[in-house]
K.L.:
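Starting off with a structure, shown below.
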Amino acid sequence: MCRHLAWLGTPRSLGELLLGPPYGLLVQSYAPRRQRHGRMNADGWGVGFYAPSRPEPARWRSNRPLWGDASFASVAPLISSGCVLAAVRSATDGMPADETAAAPFLSGRWLLSHNGVIDRSVLGSHPAAESVCDSALLAAHLFGFGAERLGSFVTALGRRDPGARLNLLLTDGQRILATRWNDSLSVLDAGDGVVVASEPYDDDPRWADVPEHHLVDVAAGAVTITELEI
Ligand code: GLN
């Protein structure tokens, strides 16, 4: 399983969000605390973030470990955004190793990350997929289906592939949607914004675990958590 994180709130730097926290994505790339599948996330990383000048996000991805990226570490403290989505990758066996297979996947304003695995024959091919990686195919299918309908998309896929792990994290710059479906997920309401992450990046007592098979919706500072039909 990969690890991912999204922030929606007052602007924070990519350094503060990804590299600074004691158990943040940088540390999770070699020593995650709650990961059940795979020990490290050294197969790449990616970040997408929004700026006021345009609705579509900017994106930076790599197929190398986050801890080895000195150029990113140099610029990350100077890039700030009010909406950020980032991931570190542990590639599923048989999936491509290049950066097009690393989250976040992009369509218009939307960014998507997937912690997990899905049988690609359940999805089928898709002309808009950025890669043949299961997560990229899943992203293309979701963007085609309608990103706002994340809950019904995950419920339907879960029925068709009961072994699937479908922790998805999605944003359009104004809203975060996330599912917990067979792996860990936590939320932190930090007062000036909300973090949704695979696991807490520090020991702040305000982190709350999202229950299994639930949907998280963050918009205008409010967090709503609802149960998904199994
Ligand atoms: N299946 C996806 C990939 O290969 C995600 C893997 C994961 O969550 N570890 O990249």
Side-chain angles (χ1 to χ4, degrees), residues 1-6 18 23-48 59-69 85-107 110-126 128-143 147 150 153-154 157-158 160-171 176-186 196-201 210 212-214 216:
M1 296 296 279
C2 313
R3 305 276 85 184
H4 56 203
L5 163 144
L18 277 65
Y23 308 106
L25 283 183
L26 174 61
V27 175
Q28 288 170 36
S29 67
Y30 55 85
R33 294 192 292 176
R34 295 197 178 178
Q35 190 160 329
R36 284 179 298 177
H37 303 272
R39 286 187 308 117
M40 295 175 90
N41 299 290
D43 299 320
W45 64 276
V47 62
R59 179 173 61 163
W60 183 333
R61 296 187 293 174
S62 166
N63 66 347
R64 310 227 319 267
L66 180 55
W67 70 75
D69 204 324
L85 190 151
V88 289
R89 180 176 185 222
S90 165
T92 300
D93 284 350
M95 297 300 156
D98 66 289
E99 73 179 43
T100 64
F105 304 100
L106 177 67
S107 175
W110 290 97
L111 291 170
L112 177 123
S113 171
H114 172 216
N115 276 186
V117 63
I118 170 103
D119 180 344
R120 287 182 287 182
S121 65
V122 165
L123 290 167
S125 62
H126 195 294
E130 293 186 55
S131 158
V132 296
C133 177
D134 59 347
S135 304
L137 276 179
L138 182 150
H141 280 276
L142 174 63
F143 294 141
L150 178 66
F153 180 80
V154 165
L157 267 191
R160 287 164 60 205
D161 180 2
R165 299 194 298 274
L166 298 170
N167 277 41
L168 302 185
L169 186 57
L170 191 66
T171 187
I176 297 171
L177 290 166
T179 51
R180 176 170 178 186
W181 194 279
N182 296 336
D183 204 327
S184 59
L185 188 70
S186 299
V196 182
S198 306
E199 55 183 64
Y201 63 46
V210 176
E212 185 61 87
H213 300 127
H214 277 66
V216 180

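Counting starts at 1 for both ligands and their atoms, in listed order. Worth saying up front: this structure is predicted, and the values here are computed from it rather than measured.
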K.L.:
For ligand 1, which part of Cys2 has a heavy atom less than 4.0 Å away: the side chain, the backbone, both, or neither?
P.N.:
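The answer is both, backbone and side chain.
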K.L.:
Shortest non-hydrogen contact from Trp45 to Val88?
P.N.:
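Distance-wise, the nearest heavy atoms are CB-CG1, 4.0 Å.
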K.L.:
In terms of atom number and element, which parts of ligand 1 are under 4.0 angstrom from non-hydrogen atoms of Asn115?
P.N.:
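Selected atoms, number and element: 8 (O).
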K.L.:
In plain terms, say whether Arg3 and Asp183 are close enough for a salt bridge, that is, a side-chain N and a carboxylate O under 4.0 Å apart.
P.N.:
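Looking at Arg3 and Asp183, the cut-off is met.
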K.L.:
Quick one: which ligand 1 atoms are inside 4.0 Å of a heavy atom on Ser90?
P.N.:
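Under 4.0 Å from Ser90, ligand 1 has these atoms: 6 (C), 7 (C), 9 (N).
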K.L.:
For the residue pair Ser198 and Ser184, what are the closest heavy atoms and their distance?
P.N.:
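Where Ser198 meets Ser184 most closely, the heavy atoms are O-OG, 2.8 Å.
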K.L.:
Select one of side chain, backbone, both or neither to describe which atoms of Arg89 lie under 4.0 Å from any atom of ligand 1, heavy atoms only.
P.N.:
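For Arg89, only side-chain atoms sit under 4.0 Å from ligand 1.
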K.L.:
Quick one: sort the His126 and His141 rings into parallel, tilted or perpendicular, breaks at 30° and 60°.
P.N.:
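Rings of His126 and His141: perpendicular, as their planes differ by over 60°.
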K.L.:
Under 4.0 Å from a heavy atom of Cys133: give me the atoms of ligand 1 that qualify, with their elements.
P.N.:
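Result: 3 (C), 4 (O), 10 (O).
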K.L.:
Examine the proximity of ligand 1 to Asp134 and report which part, side chain or backbone, both or neither, has a heavy atom under 4.0 Å away.
P.N.:
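The side chain, only.
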K.L.:
Short question: side chain of Glu199, backbone of Arg34 - any donor-acceptor pair under 3.5 Å?
P.N.:
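Looks like yes, one N/O pair under 3.5 Å.
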K.L.:
I'd like the name of whichever of Gly116, Gly44, Ala101 reaches closest to atom 5 (C) of ligand 1 through any heavy atom.
P.N.:
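Considering heavy atoms of Gly116, Gly44, Ala101, the nearest to atom 5 (C) of ligand 1 sits in Gly116.
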K.L.:
To check you understand the geometry: which heavy-atom pair defines the closest contact between Asn182 and His213, and what is its length?
P.N.:
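Closest pair (atom of Asn182, atom of His213, distance): OD1-NE2, 3.5 Å.
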K.L.:
Under 4.0 Å from any heavy atom of Met95, which atoms of ligand 1 are there?
P.N.:
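The list of qualifying atoms is 4 (O).
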K.L.:
Of all the heavy-atom pairs spanning Ala164 and Ile118, show the shortest one and how long it is.
P.N.:
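The answer is CB-CD1, 4.0 Å.
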K.L.:
Against heavy atoms of Ala91, which atoms of ligand 1 measure under 4.0 Å?
P.N.:
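Within the 4.0 Å cut-off of Ala91, ligand 1 contributes 4 (O).
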